[in-house]
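One structure below.
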Amino acid sequence: MRVGENFCPGILHAVQAKDGLLTRIRVPGGMIVPSQLSAIAELSAAFSDGHVEITSRSNLQMRAIQKQNLSYLARGLDSAGFLPSPNHDRVRNVVTNPFAGLGFDEILDSRPFVRELDCRITRDPEMAGLPPKFSFAIDSGGSWFSHENDDLALRVIAVDDSHLFRLAIGGIFSGFGVTIDKAVDCLLEAAQVCLQISKKFDAPARARKIASMPQAMSYLLSELSHFLVDCPSSNDCKFVDELPVGVYLTKQPGFVNLVPLVPLGRLTSAQTQCIASIATEWDGDLRLAPWRGIIIGSIPECAIRQVAARLQVVGLRLDNRSGYGGVFVCAGTGCDASLADVRNDASLLARLLSGHSGKPGWTVNISGCEKQCAMRNGATAELIATLSGYDLRIDGRLIASNCSRESAIDAVLASRSEIRSEVSSR
């Protein structure tokens, strides 16, 4: 079983899976332009299985690539601007609010910080040494949609009449803040210190690990002391559990953000091309989202009906009634480790749920093995495939072991009904 950093793909680091080669494409901050998305659709149709997958860190990936097509795919992705530096192919995880600059109660537009950080990462040879899973997060305040504990995270807060970034290391508040003008400098130096600590303390260069080692954590904060300022300890971060689907207002009167539901975080090449065409026609602002979805931002209100109709033609909806809302799965049979066809089982569950609106706070994760790849933290129900069926957890508690697919799905449906009853009684 292949795990860890060696099984972390890139464009130039395709890895072998059961269904062929797997390529992951860096999209810092989830910010992608229509021409790039269109290129992805064309390349997927020509050189992969005709699907495009969105990851929980707002990157993209393609599967089932044959060896003879790999070089053509890599050249196409390079031409589309997805490979700014070959040495930084797998240094890609820069996460931000997918609604940055589009509204949704943000305090500060994080896009300029993301762009500067990514530009400086890909120009710095030392940054190529960061582990592929190393992640930076720049939170613009207000609502936050990612449940990951990023290695280095800055969250903007209002302090008196100005703004400050709170610094978190491995998901733990450091006790300090960073001024707005030094934010990117601090993140880059912190990443460099993580690489130094890896050698000094013989530990992984991951801030998550460093945060659990008092001596290493103390060293990191000492090295960053010239950036750090006093900062309020309260955390007003509002995690959004109900995943956005539908029509949302923007800061600009007369324009909206459209959020289609992407079943199981996977688009066909035709769906991908449709979204790219809509964004091109209406000068929209595309964002990949950490709930493995996509936002078509800044669309004129007068175009809502037309866009919704075009999306529905390719099987995408602007509501939760498809049954796929809140349902998450891993790669399933495309992975050597998978013990079940989890995508097929998730589709069966979705068919049973179709026609009903999604329920606030309810999520289910179906995993092909105990690694629980693509697991969304805090899922209401978890199905983990075993050699004899599924282990079932509800609200983190083991309910049954090695149960059949049918009994596991019945239990999941029952958990959703309980959520519905609680909501209706409030």
Side-chain angles (χ1 to χ4, degrees), residues 1-4 7-9 15-20 22 49 51 53-56 61 63-64 147-148 241 243 261-266 291-293 320-423:
M1 186 180 296
R2 292 164 296 177
V3 296
F7 193 62
C8 198
V15 299
Q16 186 67 50
K18 189 176 181 180
D19 57 353
L22 170 65
D49 65 355
H51 290 85
E53 296 179 348
I54 305 170
T55 75
S56 60
Q61 63 184 31
R63 308 188 67 91
H147 284 250
E148 302 284 344
D241 287 320
L243 304 182
L261 192 148
V262 179
L264 309 181
R266 201 172 191 228
W291 59 83
R292 302 182 67 198
N320 253 324
R321 298 181 68 81
S322 67
Y324 283 97
V327 180
F328 299 86
V329 297
C330 62
T333 54
C335 174
D336 290 326
S338 184
L339 300 173
D341 187 352
V342 295
R343 288 188 173 274
N344 182 64
D345 293 349
S347 295
L348 172 60
L349 174 62
R351 286 196 295 272
L352 295 171
L353 293 170
S354 64
H356 303 281
S357 298
K359 299 304 169 185
W362 182 88
T363 56
V364 58
N365 194 89
I366 309 179
S367 303
C369 74
E370 62 184 9
K371 290 188 297 180
Q372 292 189 275
C373 296
M375 170 65 179
R376 188 173 191 273
N377 292 337
T380 309
E382 303 169 43
L383 275 66
I384 305 101
T386 69
L387 290 170
S388 306
Y390 279 110
D391 286 348
L392 172 65
R393 295 193 184 107
I394 302 292
D395 293 327
R397 294 182 294 109
L398 182 66
I399 302 298
S401 296
N402 299 319
C403 54
S404 68
R405 176 183 72 170
E406 290 74 19
S407 61
I409 287 177
D410 285 345
V412 169
L413 292 171
S415 76
R416 188 174 184 271
S417 297
E418 290 172 9
I419 292 285
R420 177 168 48 204
S421 299
E422 290 176 10
V423 171

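Here Leu243 contributes atom CG and Asn320 contributes atom CG; the two are 8.0 Å apart, rounded to the nearest 0.5 Å. The structure places NZ of Lys371 at 14.0 Å from CD1 of Ile384, a figure rounded to the nearest 0.5 Å. The line from CG of Leu349 to CG of Asp345 is 9.0 Å long, rounded to the nearest 0.5 Å. With rounding to the nearest 0.5 angstrom, the CD atom of Gln16 is 8.0 Å from the CG atom of Asp336. Separating the CG atom in Leu352 from the CD1 atom in Ile409 is a distance of 6.5 Å, to the nearest 0.5 Å. The CZ atom of Arg292 lies 7.5 Å from the CG atom of Leu264; values are rounded to the nearest 0.5 Å.
Side chain of Thr380 to backbone of Asp395: no donor-acceptor contact under 3.5 angstrom is found.
Closest approach of Ala385 to Gly368, counting heavy atoms only: CB-O, 3.4 Å. Heavy-atom minimum distance, Leu383 versus Ala408: CD2-CB, 3.7 Å.
Taking Asp49 as the reference, His51, Arg63, Ala64, Arg266 meet the side-chain contact (heavy atoms from CB on, under 4.5 Å) condition, with sequence neighbours excluded. Applying the side-chain hydrogen bond (donor to acceptor under 3.5 Å, both in side chains) rule to Ser401 yields no partners; only residues at least two apart in sequence or on another chain are considered. Applying the side-chain hydrogen bond (donor to acceptor under 3.5 Å, both in side chains) rule to Ser388 yields no partners; only residues at least two apart in sequence or on another chain are considered. With sequence neighbours excluded, the residues satisfying side-chain hydrogen bond (donor to acceptor under 3.5 Å, both in side chains) with Thr386 are Asn402. Partners of Ser338 under the side-chain hydrogen bond (donor to acceptor under 3.5 Å, both in side chains) rule, at least two apart in sequence or in another chain, do not exist in this structure.
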TODO: Any chance you could lay out the side chain to side chain contact (heavy atoms under 4.5 Å, CB included) test for Thr55 and Glu53, step after step, and finish with the verdict?
DONE: CA-CA 6 Å; Thr55 75; Glu53 296 179 348; 5.9 Å; no
Open item on the list: Between Leu353 and Trp362, is the side chain to side chain contact (heavy atoms under 4.5 Å, CB included) condition met? List the steps.
Closed with: CA-CA 12 Å; Leu353 293 170; Trp362 182 88; 3.9 Å; yes
TODO: Could you go through the side chain to side chain contact (heavy atoms under 4.5 Å, CB included) check for Tyr390 and Ile366 one step at a time?
DONE: CA-CA 9 Å; Tyr390 279 110; Ile366 309 179; 3.7 Å; yes
Can I get a per-line list of side-chain donor-acceptor pairs under 3.5 Å for residues 322-335, giving both atom names and the distance, sequence neighbours left out?
from	atom 1	to	atom 2	distance (Å)
Ser322	OG	Tyr324	N	3.4
Tyr324	OH	Ser347	OG	3.1

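Checked by atom type, the side-chain pair Asn365/Ser367 shows a donor-acceptor distance below 3.5 Å.
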